[in-house]
Novice: 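Following this message is one structure expressed as structure tokens.
A, B, ... follow the sequence lines: proteins, then strands. Residue 1 opens every chain.
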There are 4 protein chains.
Amino acid sequence: MPDQPAPRPPDPQRRNQKSRRAILDTALDLCAEHGYGPVTVEAIAARAGVSKKTIYRWWPSKGAVVLEALDDAATPAADFPDTGDIRADLVTQMEGLLRGLFADPRVGRALTGLIADTQHAPDLARDLDQMLIQPRAEQARTRLAKARTDGGIRADADLDLSLELLYGPVYYRLLLHQGDLHSSAEIRELVDHVLRALAPHAPE
Amino acid sequence: MPDQPAPRPPDPQRRNQKSRRAILDTALDLCAEHGYGPVTVEAIAARAGVSKKTIYRWWPSKGAVVLEALDDAATPAADFPDTGDIRADLVTQMEGLLRGLFADPRVGRALTGLIADTQHAPDLARDLDQMLIQPRAEQARTRLAKARTDGGIRADADLDLSLELLYGPVYYRLLLHQGDLHSSAEIRELVDHVLRALAPHAPE
Amino acid sequence: MPDQPAPRPPDPQRRNQKSRRAILDTALDLCAEHGYGPVTVEAIAARAGVSKKTIYRWWPSKGAVVLEALDDAATPAADFPDTGDIRADLVTQMEGLLRGLFADPRVGRALTGLIADTQHAPDLARDLDQMLIQPRAEQARTRLAKARTDGGIRADADLDLSLELLYGPVYYRLLLHQGDLHSSAEIRELVDHVLRALAPHAPE
Amino acid sequence: MPDQPAPRPPDPQRRNQKSRRAILDTALDLCAEHGYGPVTVEAIAARAGVSKKTIYRWWPSKGAVVLEALDDAATPAADFPDTGDIRADLVTQMEGLLRGLFADPRVGRALTGLIADTQHAPDLARDLDQMLIQPRAEQARTRLAKARTDGGIRADADLDLSLELLYGPVYYRLLLHQGDLHSSAEIRELVDHVLRALAPHAPE
DNA sequence: CGATAAACGAGACGGTACGTCGAGTCTTTGG
DNA sequence: CCAAAGACTCGACGTACCGTCTCGTTTATCG
């Protein structure tokens with residue numbers, strides 16, 4: 001009870017990988033079965049055959065567990081294609097984003113629930129952004145920047161706003177319409193819309 | 001199983017309006033102070049000087065209380081302006097939406113937290129949509145439809161997609177970037193973008 | 001979560017007597033089955049069909065529960081007999097003490113475990129003394145004081161020491177020899193010994 | 001069930017004496033600082049700079065560690081004096097017991113806590129009795145037996161009861177009154193009482 | 001105007017999960 | 001090749017809210 005000489009952080013070297021996998025898999029499974037909200041650390045531990053202590057040793061919260069599980073499950077943000085055709089490339093990337101993020105069918109409810117959770121957990125929000133959101137957005141930004149130089153889109157295009165125009169509707173649907181993913185056709189339409197707005201020859 | 005004597009619903013006539021006001025006000029206050037997540041029915045009851053029973057008598061959950069509080073606090077979705085200038089009207093409407101919804105400074109965290117909560121509560125999702133989201137979206141849709149007939153925007157414009165383009169980015173920011181509201185300038189830019197994509201003469 | 005306006009103590013009026021009884025009974029039952037040590041608040045709550053909160057609302061610890069259970073179970077310290085025969089009265093009282101305290105066969109292990117627990121819980125020690133130990137000792141002290149005036153025992157007898165001589169051996173056996181109660185014969189012998197030491201005519 | 005390969009007991013030869021000392025010392029230190037109850041194997045290991053495994057290799061429980069520490073710390077039960085004066089000898093022995101057992105100021109809380117612990121650990125009870133209690137009691141019994149033969153005390157004296165009369169009050173105070181040791185004067189008084197009861201000439 | 005039934009405040013209740021702690025076991029690693 | 005370091009499972013801790021459920025006590029119709 002006495003002597004807390006320094007609560008050293010755990011040593012990642014000695015980590016039990018089997019437990020880690022069981023925890024992440026179980027977390028996604030439970031999210032898929034009941035939705036993110038009702039999932040509890042207690043239940044994850046129980047089904048994964050792991051003690052709660054082990055979960056809390058490596059993650060600060062349920063959200064952090066699910067985030068890592070999602071990161072594991074997501075197809076890594078592939079290299080952004082650059083075929084010269086900005087429209088085709090954007091479509092490819094956004095399709096890749098959606099199909100990649102949601103490759104694992106268990107991901108859907110987990111992701112939206114997780115985003116919901118970030119409203120009361122700034123740390124989680126930051127991590128989610130850094131691990132899942134930004135890397136993928138960055139690719140699109142890079143490609144758009146190149147298009148701007150190449151003349152594929154107008155020279156004064158606002159890249160941040162463009163990204164918001166592209167991703168906003170997608171997340172909007174996810175969160176406000178319960179995970180109703182955009183179809184490929186809709187994505188094409190979405191990209192067309194945005195590109196039309198960005199067309200180089202529309203001088204206003 | 002002598003079918004229990006029908007637990008009659010409470011009589012709205014006898015409702016104590018003072019309690020109702022105290023509850024709604026307290027709910028918003030607490031959301032503003034601590035964020036939506038940490039607020040509990042228990043705390044609302046305590047600070048409002050009301051018994052938990054009274055809350056549960058009239059609302060099924062914390063979310064429902066906050067939703068009603070938001071609806072009360074929001075400037076009612078005013079009549080949509082129709083000056084003939086579709087751009088100006090859209091800007092007006094979106095500004096009105098944002099400034100109206102967020103007129104009360106306590107609304108911000110409450111609203112995003114509430115949206116988050118809908119991920120695990122379909123009923124709440126439906127009510128939120130009906131009470132706050134749809135009425136305002138409907139106005140924009142109506143105005144866009146008129147513009148489509150008038151030739152203000154292209155005849156084959158996809159209204160649903162247009163609405164997603166307009167609102168998507170706004171909610172995207174709210175939820176994924178912690179309530180960073182769009183400025184008036186950004187709203188104008190946003191509307192410009194969308195209208196440019198919908199411009200009647202852009203034949204592509 | 002906020003606003004802890006004053007953690008008022010619970011209102012004894014509204015106490016659920018059925019829960020109280022179930023808790024006290026279960027506590028003694030479990031002590032009898034497994035011994036005091038292994039009994040947990042969790043187990044008491046579970047078997048009594050009661051929530052842990054209810055236990056912690058009314059008692060600060062397992063020990064306090066068991067103490068109250070013992071107090072309930074013990075035959076109240078009956079009026080001390082005063083037949084004029086100090087020897088007979090002391091025997092009666094000590095017999096009464098032992099048979100009364102241990103009337104309920106579940107008491108044994110509970111009591112010794114409880115005494116053990118007092119080593120790390122001063123509050124519990126105080127309460128145990130006040131509720132169970134002192135009242136019974138006080139009777140003996142009173143009777144001895146009278147005997148001292150009456151000449152039944154020597155005038156300079158040290159009552160405190162006499163009490164220690166009487167009760168010390170009893171508790172000594174209980175604690176160091178695992179609840180091996182003194183038989184009636186042994187009690188008589190014990191009283192005889194002490195009285196012989198206190199005999200009025202032994203002038204040293 | 002291929003009968004597991006015999007988990008050979010550790011080889012006492014290879015035992016690290018420095019660890020042993022550190023463990024025993026730390027155990028007493030911690031008992032002195034916080035009392036026996038709150039001390040944990042975890043804390044002993046941490047402060048002694050030793051792994052928990054090392055403790056569990058050589059002792060079955062915290063109690064066993066403390067018992068050995070006490071045995072180490074106690075002045076060995078010296079040879080019982082036999083000056084011919086039974087009163088003086090008993091006083092000497094009981095003083096020796098108390099001052100010897102409690103020579104190390106850290107012993108007090110450790111011992112009472114340990115006795116408390118024996119209530120739920122029969123093995124520990126046995127070991128405590130064999131290592132600390134009985135050896136010292138045996139000396140007194142031997143001396144009393146001699147006195148019985150010599151006529152120092154009555155021929156029909158019950159030695160077991162006499163021992164209980166002598167030691168009972170001491171342990172009674174230790175356990176029920178929080179380590180309030182008897183003073184030398186009180187010990188003399190105690191021995192006098194008992195001897196008066198045992199006096200050979202008291203005819204009753 | 002007084003009876004009476006409802007909503008009300010207060011708050012105890014059975015639950016479920018929280019996040020922490022220590023027990024005792026098992027594994028990895030370095031001297 | 002031992003023993004330190006320490007991660008592991010297990011189970012209990014004491015707390016917080018949940019949503020339900022009495023309790024008296026207002027309060028506000030209606031007979």
Side-chain angles (χ1 to χ4, degrees), chain A residues 1 4 7-16 18-20 38-46 48-58 60-62, chain B residues 7-8 10-16 18-19 38-46 48-58 60-62, chain C residues 1 4 7-16 18-20 38-46 48-58 60-62, chain D residues 7 10-11 14-16 19 38-46 48-58 60-62:
Chain A
M1 184 211 223
Q4 58 273 39
R8 253 178 306 97
D11 178 355
Q13 298 284 9
R14 318 196 136 219
R15 184 163 189 184
N16 183 337
K18 219 150 66 179
S19 293
R20 178 179 174 275
V39 170
T40 66
V41 173
E42 200 116 353
I44 298 175
V50 137
S51 82
K52 284 200 290 177
K53 180 96 184 222
T54 296
I55 295 184
Y56 284 112
R57 191 178 352 256
W58 302 107
S61 66
K62 166 177 87 165
Chain B
R8 253 179 311 96
D11 178 355
Q13 298 285 8
R14 318 194 58 142
R15 184 165 189 181
N16 183 338
K18 217 153 66 180
S19 293
V39 171
T40 65
V41 172
E42 202 116 349
I44 297 175
V50 139
S51 88
K52 287 202 291 176
K53 181 87 186 208
T54 298
I55 295 185
Y56 283 112
R57 182 160 21 237
W58 301 107
S61 67
K62 165 178 86 164
Chain C
M1 181 207 229
Q4 56 277 38
R8 249 177 309 95
D11 178 356
Q13 298 284 7
R14 312 188 146 239
R15 185 161 190 184
N16 183 337
K18 218 152 66 180
S19 294
R20 178 178 173 277
V39 171
T40 66
V41 172
E42 199 115 354
I44 297 175
V50 138
S51 83
K52 285 201 288 176
K53 181 84 186 226
T54 297
I55 295 184
Y56 283 113
R57 188 171 1 249
W58 302 107
S61 66
K62 166 178 85 165
Chain D
D11 177 355
R14 320 197 58 149
R15 184 162 187 184
N16 183 336
S19 293
V39 171
T40 65
V41 172
E42 201 116 349
I44 297 175
V50 137
S51 89
K52 285 202 291 175
K53 181 82 187 209
T54 298
I55 295 184
Y56 283 114
R57 200 186 332 268
W58 302 107
S61 67
K62 168 177 84 164

Novice: How many Å lie between NZ on C:K18 and C1' on F:dT22, as a whole number?
Specialist: 13 Å
Novice: Rounded off to whole Å, could you give me the NZ-to-C1' distance for the B:K62 and F:dC18 pair?
Specialist: 12 Å
Novice: Is it possible for you to check whether C:R20 lies under 6.0 Å from the centre of the six-membered ring of C:W58, through NZ or CZ, and within 45° of that ring's axis?
Specialist: no
Novice: Among F:dC8, E:dA12, F:dC18, find the nucleotide with the atom closest to the side chain of C:P10.
Specialist: E:dA12
Novice: Please give, in whole Å, the distance from F:dT9 C1' to A:I55 CD1?
Specialist: 12 Å
Novice: Which sits closer to the 5' end of DNA chain F, B:P60 or C:P38, going by the nucleotide each is nearest to?
Specialist: C:P38
Novice: Do the side chain of D:K62 and the main chain of D:V39 share a donor and acceptor less than 3.5 angstrom apart?
Specialist: yes
Novice: Categorize A:T54 for me: base, sugar-phosphate, or nothing, with a 4.0 angstrom heavy-atom threshold over every strand shown.
Specialist: base
Novice: Select one nucleotide: of F:dC8, E:dC13, F:dA4, the one nearest the side-chain heavy atoms of C:N16.
Specialist: E:dC13
Novice: Can you name the closest pair of heavy atoms from A:S51 and A:A45 and give their distance?
Specialist: C-CB, 4.1 Å
Novice: Taking atom P of F:dG19 as reference, at what distance in whole Å does atom CH2 of B:W58 sit?
Specialist: 18 Å
Novice: Rounded to the nearest 0.5 Å, what separation is found between the CD atom of B:E42 and the CD1 atom of B:I44?
Specialist: 10.5 Å
Novice: B:Y56 OH to E:dC8 P: how many Å, rounded?
Specialist: 16 Å
Novice: Would you kindly give the CD1-to-P distance between A:I44 and F:dT9, to the nearest whole Å?
Specialist: 14 Å
Novice: Does C:R14 or B:P12 map to a spot on DNA chain E nearer the 5' end, using the closest nucleotide for each?
Specialist: B:P12
Novice: Answer with base, sugar-phosphate or nothing: what part of the nucleic acid does D:S19 contact at a heavy-atom distance below 4.0 Å?
Specialist: sugar-phosphate
Novice: Report the nucleotide, chosen from F:dA7, E:dC13, F:dC10, that has the shortest atom-to-atom distance to any side-chain atom of A:S51.
Specialist: F:dC10
Novice: Ignoring hydrogens and geometry beyond distance, is the side chain of A:K52 in donor-acceptor contact with the base of E:dG19 at under 3.5 Å?
Specialist: yes
Novice: Any side-chain heavy atom of C:R57 sitting closer than 4.5 Å to one from C:T54?
Specialist: yes
Novice: Among F:dA7, E:dA6, E:dC21, which nucleotide has an atom closest to any side-chain atom of A:K53?
Specialist: E:dC21
Novice: Measure the distance from CZ on D:R57 to P on E:dT27 and round it to the nearest whole Å.
Specialist: 14 Å
Novice: For the base of E:dA7, is there a side-chain donor-acceptor partner from B:R15 under 3.5 Å away?
Specialist: no
Novice: A:E42 has an atom CD; how far is it from atom P of E:dG19, in whole Å?
Specialist: 10 Å
